[in-house]
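Inspection log for the structure reproduced underneath, given as structure tokens.
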Amino acid sequence: MLIVTKFGGSSLSWEAQFKKVKNIVASDPNRRVVVVSALGRRQKEDNKMTDLLYLIAAHIRYGVTYDAMWETIVARFIAVKEELGLSYDVAGELEELRQDLSQKSLNEEFLVSRGEYFTAKLVAEYLGYQFLDAKDVIAFQPNGTVDLTATQTKLQAAVPDDERVVIPGFYGAFPSGAVKLFNRGGSDITGAIVASCLGAKTYENWTDVSGVLMADPRIIDNPVSVAQLSYEELSELSYMGASVLHEETIYPIRSLNIPIHIKNTNDPAAAGTVISDEDLGHPQRISGISGKKDFVSLTIYKSQMSTELGFLRRALAIFERFKLNVEHLPTGIDHVGIVISGSGLNNQLDDLVQTLKEELNADEVVVKKDISLITIVGASLIGCSQLTASIFTALAKSNIGVQLIAQSPREVNMIIGVANEDYLPAITALYEELVS
């Protein structure tokens, strides 16, 4: 019975956190495979290790000195080694890397991956586990997607039933051996891939909160955590901005129904949140509230649009041509609304509107900017009229106007569009009405 256990940067921010990690791993012999992020920030003033490495790569690219940043990195790793009494020659490997940095041909992704690499080496020695380099087991195809078949073969060969290993997250390798990074937050994905390929009973994700919070703690003071979530509920919350797990994390393990257990390294006795497709009852009214700002809504009006075959396809093709991802599609008989992220427009809005008018022969295209989308997630949300009424009552009490409404066909979430200036008051009002 294997448990794959992933520790984020906050769980490895300084030496005392390493000791917590060791106690957690030692408390269950099934925690045989550990995936780690790079050292996290000890305090708000610290830079993240990955950010520092990206900055160094940029400095090298432009021929700018990076000595101070490099010394910060070296000091952090050496402090961990010395405090924990480890023998790993991290200083020597760092010096070898420094010598390689003089070559402008040095692969940037290789450099950035060293945060996880050095952290994993330290953790492996401290736990008494074997170090297993992610580049040897996480296989990418030439097009940049993960080759799950090759990865499974490599992992199963490298991790026999009695082996105990630490694997750095965030990267793997192309067939050529060149290091390839995941997107930021990719250590979560590494853990999920490893759990899937090894057929783990559970994938644990240890962080600095006691499970998935029902709202952003930067907006709501001390939001409560949710005990249980479905994979789909987690996907909706993550996609709409909840900083729980990387949104791609669930895909490698969902088909195998491997539960994800979100736990707190600083409070390991706390129940945390279990994410699974198993029906666990959902005692809470909703599962969470999350959102994002700065969307743009374009509403295309055309008489008898609903009878015009292929109209929506042609409209969407225009957005694709402009390389704009469509987020939502609220529709009516003679109009269709298309919601996109404002960050991707790149000064194309005027051209986009003109193209829509000309190619669709539209009567009018109305643009609304600075829209925030807020999602309220819950498995029984849509079927409960009382709960739906509470959502709009909460917004009305706070005098917040609703600019759009979208509903998931699977009935696990409702999306409300409000003005950017109403984003924080709306989330506060919804939380107080639905959770408090």
Side-chain angles (χ1 to χ4, degrees), residues 215-216 219 232-233 235-242 286-303 305-306 311-313 315-316 318-320 322 324-345 348-349 352-353 356-357 360 362-378 381-385 387-431 433-434:
D216 189 334
I219 301 172
E232 191 161 12
E233 288 172 318
S235 291
E236 295 292 347
L237 287 169
S238 297
Y239 180 73
M240 285 300 293
I286 64 168
S287 298
I289 303 166
S290 64
K292 291 180 181 178
K293 300 175 73 173
D294 300 323
F295 288 89
V296 175
S297 170
L298 297 97
T299 304
I300 306 166
Y301 292 88
K302 185 175 183 182
S303 180
M305 181 196 79
S306 60
F311 183 88
L312 183 56
R313 174 186 55 78
L316 293 177
I318 293 171
F319 283 84
E320 183 178 357
F322 276 78
L324 295 168
N325 187 49
V326 173
E327 304 282 347
H328 296 285
L329 284 166
T331 61
I333 295 175
D334 290 331
H335 68 273
V336 58
I338 299 181
V339 181
I340 59 175
S341 172
S343 62
L345 275 169
Q348 301 181 96
L349 184 57
L352 174 62
V353 170
L356 290 168
K357 287 180 178 179
L360 300 175
D363 299 329
E364 187 180 13
V365 177
V366 176
V367 177
K368 288 185 180 179
K369 301 180 182 179
D370 301 323
I371 293 175
S372 293
L373 298 183
I374 299 170
T375 185
I376 303 99
V377 175
L381 177 68
I382 308 303
C384 179
S385 58
L387 189 55
T388 305
S390 296
I391 291 170
F392 294 102
T393 297
L395 297 173
K397 284 179 180 177
S398 298
N399 198 30
I400 294 170
V402 175
Q403 302 204 17
L404 66 89
I405 302 170
Q407 176 183 320
S408 164
R410 297 289 295 273
E411 300 189 349
V412 298
N413 73 312
M414 178 181 289
I415 295 171
I416 307 293
V418 301
N420 272 353
E421 62 191 36
D422 289 329
Y423 177 68
L424 298 182
I427 287 184
T428 301
L430 290 166
Y431 184 87
E433 181 75 24
L434 303 176

Fill in the blank from the handout: To the nearest 0.5 Å, atom CD1 of Ile400 lies from atom CG of Asp422 at 5.0 Å
Practice task
Please step through side-chain contact (heavy atoms from CB on, under 4.5 Å) for the pair Phe392 and Ile405, ending with a clear verdict.
Solution key: CA-CA 11 Å; Phe392 294 102; Ile405 302 170; 3.8 Å; yes
Practice task
Establish, from distance only, whether the side-chain atoms of Asp334 and Ser303 form a donor-acceptor pair under 3.5 Å.
Solution key: no
Problem - Note, His335 side chain near Val366 side chain (heavy atom, < 4.5 Å) - result: no
Practice task
Taking atom types as modelled, find out whether Glu236 and Thr375 have a side-chain donor-acceptor pair closer than 3.5 angstrom.
Solution key: no
Handout entry: Heavy-atom side-chain contact between Ile427 and Asp216 under 4.5 Å
Key = no
Problem - Min side-chain heavy-atom separation Phe322-Leu345 under 4.5 Å - result: no
Problem - Nearest-0.5 Å distance, CG of residue Leu387 to CD1 of residue Ile391 - result: 5.0 Å
Exercise for the section: State, with a plain yes or no, whether a side-chain heavy atom of Leu312 is found less than 4.5 Å away from one of Leu329. Expected result: yes
Exercise for the section: Keeping the roles fixed (side chain from Tyr423, backbone from Gly291), state whether a donor-acceptor pair exists under 3.5 Å. Expected result: yes
Handout entry: Check: Leu237 main-chain N/O paired with Ser290 side-chain donor or acceptor under 3.5 Å
Key = yes
Handout entry: Leu360, Thr331, Leu298 screened by side-chain contact (heavy atoms from CB on, under 4.5 Å) with Val336, the one that passes
Key = Thr331
Exercise for the section: Give a yes or no on whether Gln348 atom CD has more than 12 heavy-atom contacts from other residues, nucleotides or ligands under 6.0 Å away. Expected result: yes
